[in-house]
Asker: 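Have a look at the structure that comes next, please.
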Number of protein chains: 2
Amino acid sequence: MKLAKSAKSQKRVLDAAAKMFRDYGYAGTTMRAIADEADLKAGSIYYHYKSKDELITAVLDIGINAVISSVEDALHALPETATGRERIETAVRAHLSAIIKIGDYTLATRRVFGQVPEAIRLKNTKLRDTYGAIWQKILTDAHARGEFKTNANLTLARLFILGALNWTVEWYKPGGRTIDDVARDFTAVVIDGIANPCGVIHSAADDNQQAQARAN
Amino acid sequence: MKLAKSAKSQKRVLDAAAKMFRDYGYAGTTMRAIADEADLKAGSIYYHYKSKDELITAVLDIGINAVISSVEDALHALPETATGRERIETAVRAHLSAIIKIGDYTLATRRVFGQVPEAIRLKNTKLRDTYGAIWQKILTDAHARGEFKTNANLTLARLFILGALNWTVEWYKPGGRTIDDVARDFTAVVIDGIANPCGVIHSAADDNQQAQARAN
DNA sequence: TCAATTTTCTAACTAGTGTTAGGTTTTTTA
DNA sequence: TAAAAAACCTAACACTAGTTAGAAAATTGA
């Protein structure tokens with residue numbers, strides 16, 4: 001292995017950068033702070049990355065690509081016959097799993113995206129569109145199969161789903177609710193809503209266990 | 001009027017600060033850039049605000065307070081008998097209206113919040129909790145009246161709603177869909193879901209007008 | 001109008017920024 | 001083990017940051 005050590009340091013630098021960008025934003029993160037976090041001197045970073053911009057680009061790309069490929073893989077593993085509900089729940093679960101695994105990168109992506117030089121942002125926007133298209137396809141396919149209301153506003157539904165998903169990274173902490181639980185309940189809201197179905201009125205007897213966490 | 005001119009300049013500085021923080025983040029925004037935007041010199045800002053931190057604090061507070069009071073006012077204007085659905089739709093509409101009106105502040109709030117010095121963030125977090133509590137009350141009240149499924153996960157529903165709402169600021173642009181439309185469809189998704197109700201299968205004949213906008 | 005007050009500007013200070021060139025140390029190769 | 005390559009460090013560069021003191025300009029009140 002010729003690049004063994006180099007690769008290791010490079011990853012350390014990248015991880016440190018993601019963490020710092022996440023906490024302090026693009027301009028708020030200094031090369032010296034990244035270096036400290038990665039147990040290096042600032043000058044040494046330039047052996048691995050040509051510039052700060054190249055670093056943030058790498059972090060942004062990893063952040064979205066991890067989510068995209070996680071979701072795509074999970075969807076491809078489903079049988080052709082999978083319903084829209086199954087696909088949505090699967091995609092939500094994959095999205096959350098990816099976020100947990102590389103939380104620093106996705107959070108950095110979300111927080112820093114709006115502040116990065118325009119050229120960098122444009123490159124990254126394509127990836128974001130790709131991800132949006134994946135969701136749009138899930139929805140339109142299921143809609144075409146008659147699984148959804150004829151008059152459902154799918155574009156708006158997608159924006160809501162992605163918005164809510166993007167936001168999970170702000171409140172979801174491992175150790176609380178499991179990913180499976182969140183994915184199931186999340187899907188239930190989107191698919192079925194929270195209202196009593198078909199006018200059936202249930203009694204509201206047992207409803208006192210929801211007053212706990214209020215992360216936001 | 002003794003403070004007429006001072007008040008005007010102060011507002012110009014504040015507006016400029018919101019816009020700059022929105023685009024370049026906390027550390028990425030310089031006092032000189034704010035001054036330029038406000039037609040002032042950097043040093044003059046300090047006549048109105050003691051420091052950069054005091055500026056960002058003001059912007060953050062305005063951003064959330066505007067949303068909170070807009071939503072609270074709209075809710076109080078509703079009759080006692082209003083259903084959960086009506087309350088949700090009303091709150092969504094008020095939230096969106098506030099965002100449109102002071103978009104720079106809310107966007108700045110959302111983008112900058114994670115990068116601001118901890119002391120400032122803590123003060124602002126209380127306001128955020130207040131807003132979360134408003135939504136939680138809407139949901140639990142309606143739930144207690146039997147309007148929602150007994151087993152609905154209200155906490156998750158709230159996180160979903162707030163996440164999606166927080167995200168609207170990224171894609172909603174005046175001139176496209178009206179606020180009323182968005183609020184109605186948004187509520188429909190949350191309340192009823194997008195699935196065909198009660199197993200009724202509609203034909204998916206007319207479903208080809210959704211392939212337009214894909215903002216995310 | 002003219003003195004008092006408010007508002008703004010100028011010019012500078014210190015501290016910290018991304019980046020680089022060239023030297024040192026560590027690791028690999030033969 | 002000695003030479004070559006890779007990885008890292010040091011010290012500095014030009015520049016920009018937030019902030020301040022004091023002078024200048026604009027506004028106000030009598």
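Just so we're on the same page: letters track the sequence lines, and every chain starts at 1. The figures here come from the full heavy-atom set of this structure, side chains too, leaving out hydrogens, waters and symmetry mates.
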Asker: Do any side-chain nitrogens or oxygens of A/Lys41 fall under 4.0 Å of OP1 or OP2 in D/dC8?
Answerer: no
Asker: Between A/Glu89 and A/Arg85, is there a side-chain N and carboxylate O pair less than 4.0 Å apart?
Answerer: no
Asker: If I take atom OH in residue B/Tyr49 and atom C1' in nucleotide C/dT8, what distance separates them, rounded to the nearest angstrom?
Answerer: 16 Å
Asker: Identify, between A/Lys50 and A/Thr30, the residue whose nearest nucleotide on DNA chain C lies closer to the 5' end.
Answerer: A/Thr30
Asker: May I have the distance from B/Tyr26 (atom OH) to D/dA17 (atom C1'), rounded to whole angstrom?
Answerer: 12 Å
Asker: Given C/dT8, is OP1 or OP2 found less than 4.0 Å from the side-chain N or O atoms of B/His48?
Answerer: yes
Asker: Roughly how many Å is it from CE in A/Met31 to C1' in D/dC13, rounded to a whole number?
Answerer: 16 Å
Asker: Does atom OH (A/Tyr49) have a neighbourhood of more than 12 heavy atoms from anything else shown, all under 6.0 Å?
Answerer: yes
Asker: Reading DNA chain D from 5' onward, which residue's closest nucleotide shows up sooner: A/Arg32 or A/Arg12?
Answerer: A/Arg12
Asker: Just to confirm, is there a sub-4.0 Å distance from OP1 or OP2 of D/dA7 to any side-chain nitrogen or oxygen of A/Ser44?
Answerer: no
Asker: Atom OH of B/Tyr47 to atom C1' of C/dT10: distance rounded to whole Å?
Answerer: 18 Å
Asker: Where the side chain of B/Leu40 is concerned, which of D/dT19, C/dC9, C/dG18 is the nearest nucleotide?
Answerer: C/dC9
Asker: Are side-chain heavy atoms of A/Leu139 and A/His143 found at a separation under 4.5 Å?
Answerer: no
Asker: How many whole angstroms separate atom OH of B/Tyr46 from atom C1' of D/dT20?
Answerer: 9 Å
Asker: Within this structure, what is the CD1-to-C1' distance between A/Ile56 and C/dG18, rounded to whole angstrom?
Answerer: 15 Å
Asker: Rounded off to whole Å, could you give me the NZ-to-P distance for the A/Lys8 and C/dT26 pair?
Answerer: 17 Å
Asker: Within a reach of under 6.0 Å around OH of B/Tyr24, are more than 12 heavy atoms found that belong to other residues, nucleotides or ligands?
Answerer: no
Asker: Identify whether NZ of Lys or CZ of Arg in B/Lys52 sits under 6.0 Å from the centre of the six-membered ring of B/Phe21 and within 45° of that ring's axis.
Answerer: no
Asker: Rounded to the Å, how far apart are A/Asp36 CG and C/dG18 P?
Answerer: 12 Å
Asker: Answer yes or no: does a side-chain N or O of B/Ser9 lie under 4.0 Å from OP1 or OP2 of C/dT8?
Answerer: yes
